[in-house]
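Worksheet: the structure to be examined is printed underneath.
The sequence lines fix the lettering, A, B, ..., with proteins before strands; numbering per chain opens at 1.
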Number of protein chains: 2
Amino acid sequence: MKFVIQRNQLIASVQDVMKAISSRTAIPILTGIKIDARNHGITLTGSDSDISIESYIPAEEEEMVYVEEITEGSIVLQAKYFSEIVRKLPEQTVEIEADSNLQVTIRSGKAEFNLNGQDAEEYPHLPKLQTDNSLELPTAVLKSMIKQTVFAVSTMETRPILTGVNVTLKDNKLLFTATDSHRLAVREMNIETVNMEEINVVIPGKSLNELNKILDDTDENVEISVTNNQVLFRAKHLNFLSRILDGNYPETSRLIPDQSKTTIHVKTKELLNTIDRASLLAKEEHNNVVRLTTKGNDLVEIIGNSPEIGKVTEEIAVSSIEGEELKISFSSKYMMDALKAMEADEVKIDFTGAMRPFIIRPEHDGSILQLILPVRTY
Amino acid sequence: MKFVIQRNQLIASVQDVMKAISSRTAIPILTGIKIDARNHGITLTGSDSDISIESYIPAEEEEMVYVEEITEGSIVLQAKYFSEIVRKLPEQTVEIEADSNLQVTIRSGKAEFNLNGQDAEEYPHLPKLQTDNSLELPTAVLKSMIKQTVFAVSTMETRPILTGVNVTLKDNKLLFTATDSHRLAVREMNIETVNMEEINVVIPGKSLNELNKILDDTDENVEISVTNNQVLFRAKHLNFLSRILDGNYPETSRLIPDQSKTTIHVKTKELLNTIDRASLLAKEEHNNVVRLTTKGNDLVEIIGNSPEIGKVTEEIAVSSIEGEELKISFSSKYMMDALKAMEADEVKIDFTGAMRPFIIRPEHDGSILQLILPVRTY
């Protein structure tokens, strides 16, 4: 194997595949990056067996030459050393060559690195996914759907299914749902042309977080394909493969109340900042719980209280309050997470009493819903 | 105690004094910030008993009003909560009021915080230093003298005196010296007018690192005063007090060889980058050791080698090599630290054989000297 490659392209690809590589792995070869040189281009692969990432650098694209002097072949290099080396190379081009004894030479300018490689035949084969049963989404839409739901997955392994985001497609409606059983985040999206049967899978939250870090903010589409136990996200020059969680995702739609006793309309940022301040004195003893009380004259009072440290009280002027008076306590963290996901200047909050879950939605957008269970404090 | 203060001034002062506050302290009240309100301004104090920092906010300065409606008094507030609160206040002005029961109210806009304070009488009294026996230095010079030496202090508590920087003043020459017994960093500075007797103290490296973080890059001077067991750095509106280490600092000047068998002149940045690359494969098994070998034609070869991982070789063209041929091994970390301290485009390295300490100096500046002991590898 041999090729000469532009350093910047190599650095970007190595950074992408590194996101799948863990230093704590039961399979030693997975601490390496697999390099496949073909005449059309170079593919790098990293995997921790839950997530696998392939990044492709074409030999030529749009009249730019990225890789030259290619002799086909494959090798696996220690990811930790290889990634540091490529970042610190002195020149813009790099020559990488592997001999038949798995000895690898990396040359750039007057610097020459000799590394011990590993046999690419020993690297696990990634499953090939059939891609004609697939769904396409603009990258920005996918990233936003992930961002608005993934924070609500459970971090506890007691119910593993809740550590994932439930992704369903039915009747041309794509739905992302996440819950840790104290709160629920739902985002839906109408898909006009679908080239795919119904889907219903649970994707680990960790996978989606890593995917969101890798996906560039481009106008290009991402293609999503699903099999029984794997999901593939295919972007330009990038394949992101994740396992799917086993088990049935709970039915969450019945949790959502269909009536409201008190409705508050409020500026998202103002409520967020007020809750943030109240949470400063609600952190330790009270599990981040703050209290919201409706007042007359479209005022809402937010209180955070930790008797040993102190108390914070703030009144916030809201756009309107409709319905019954209300006094309710809830996790400031959950409320802040939900408000940050809104992407809207103003939100509507529907309460059905101090002991019932309440719903936060953008003022003029039904596609996002955040539900939070209150906390019983008295 | 009561006053109304500009939030931005308060935030900056709180940030400064926080640098002295540790959450792990044997004296519980030192987890707090002391606030002293006097008619002329507000003083904040933080301390971990090794370092104490006082930051002063004048009521008025250069026709700007920073503090108003002052009723004199003092209080101690939990640093962790107070610092988070001031950062998140909604308005540009803040009212702080303490009643006779040590209850403190912080008001900004519609937000009101009630905090439990502690009695300022219980806060340790900082020693008052006599300041007519003092030395003045431009802030930039002091920061650079610290930066060029403090990295070389020992991090081992086996010889506590080596964890500090030896600061001496004699015959109008100010000298900063640091060594961990494997390397030595020396910076000197001629002081024209000195208003001070000789000094010879050892200041903890940790204190100087914190001081360097706090000192702004201004044109103002810093005033240094020393007593038996404390040193005070006084900048504008800032007092930084540190304890001094007990014990005699070793005589280091005899370590510096007065002759040279091989001299290399080389571009600082080029040598630094080459050593950095060589260190990538010298990290684990060989304690960062790299090897330097002089070649003909003004070439120097740098090698890093870890048999299990690989080897890196790089030739670097130097400006000139004078004297004997040389093959020498040393810590790449020490060499990189020394080169980063140089502040010069080109350096001169004087060797007196593979087993003797060598000296790095800027090409045209005798005020900085870095000495490194080589490593025996064969």
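- For B:D99, the CG atom sits in a packed shell: over 12 heavy atoms of surrounding residues, nucleotides or ligands are nearer than 6.0 Å.
- Annotation for A:K267: atom NZ does not count as buried by contact number, only 12 or fewer foreign heavy atoms lying within 6.0 Å.
- Of the inter-residue distances, the one linking B:K110 atom NZ with A:E314 atom CD reads 9.0 Å to the nearest 0.5 angstrom.
- Atom CG of A:N116 and atom NZ of B:K311 lie 12.0 Å apart (nearest 0.5 Å).
- Under the 4.5 Å side-chain criterion, counting only non-hydrogen atoms from C-beta, B:L281 is in contact with A:L115.
- Taken from CD1 in B:I309 to CG in A:N114, the straight-line distance is 13.5 Å, to the nearest 0.5 Å.
- Annotation: B:E325, atom CD; neighbour count of heavy atoms from other residues, nucleotides and ligands within 6.0 Å does not exceed 12.
- The distance from atom CZ of A:R87 to atom CG of B:L280, rounded to the nearest 0.5 Å, is 8.5 Å.
- Interface check for chain A: of the options B:I316, B:L77, B:D276, B:L89, the most heavy-atom pairs under 4.5 Å are formed by B:D276.
- Atom CG of B:D345 sits in a sparse spot, with 12 or fewer heavy atoms from other residues, nucleotides or ligands closer than 6.0 Å.
- Taking a 6.0 Å sphere around CD of A:Q92, one finds it holds more than 12 heavy atoms contributed by other residues, nucleotides or ligands.
- Interface residue A:E112: backbone and side-chain heavy atoms are both found under 4.5 Å from chain B.
- Ranking A:G310, A:G109, A:G117, A:A111 against chain B, the residue ahead of the rest is A:A111, based on heavy-atom pairs under 4.5 Å.
- Using a 4.5 Å cut-off between heavy atoms, A:I303 makes no contact with chain B at all.
- B:R277 places a side-chain N or O within 3.5 Å of a backbone atom of A:K88 that can act as its donor or acceptor partner.
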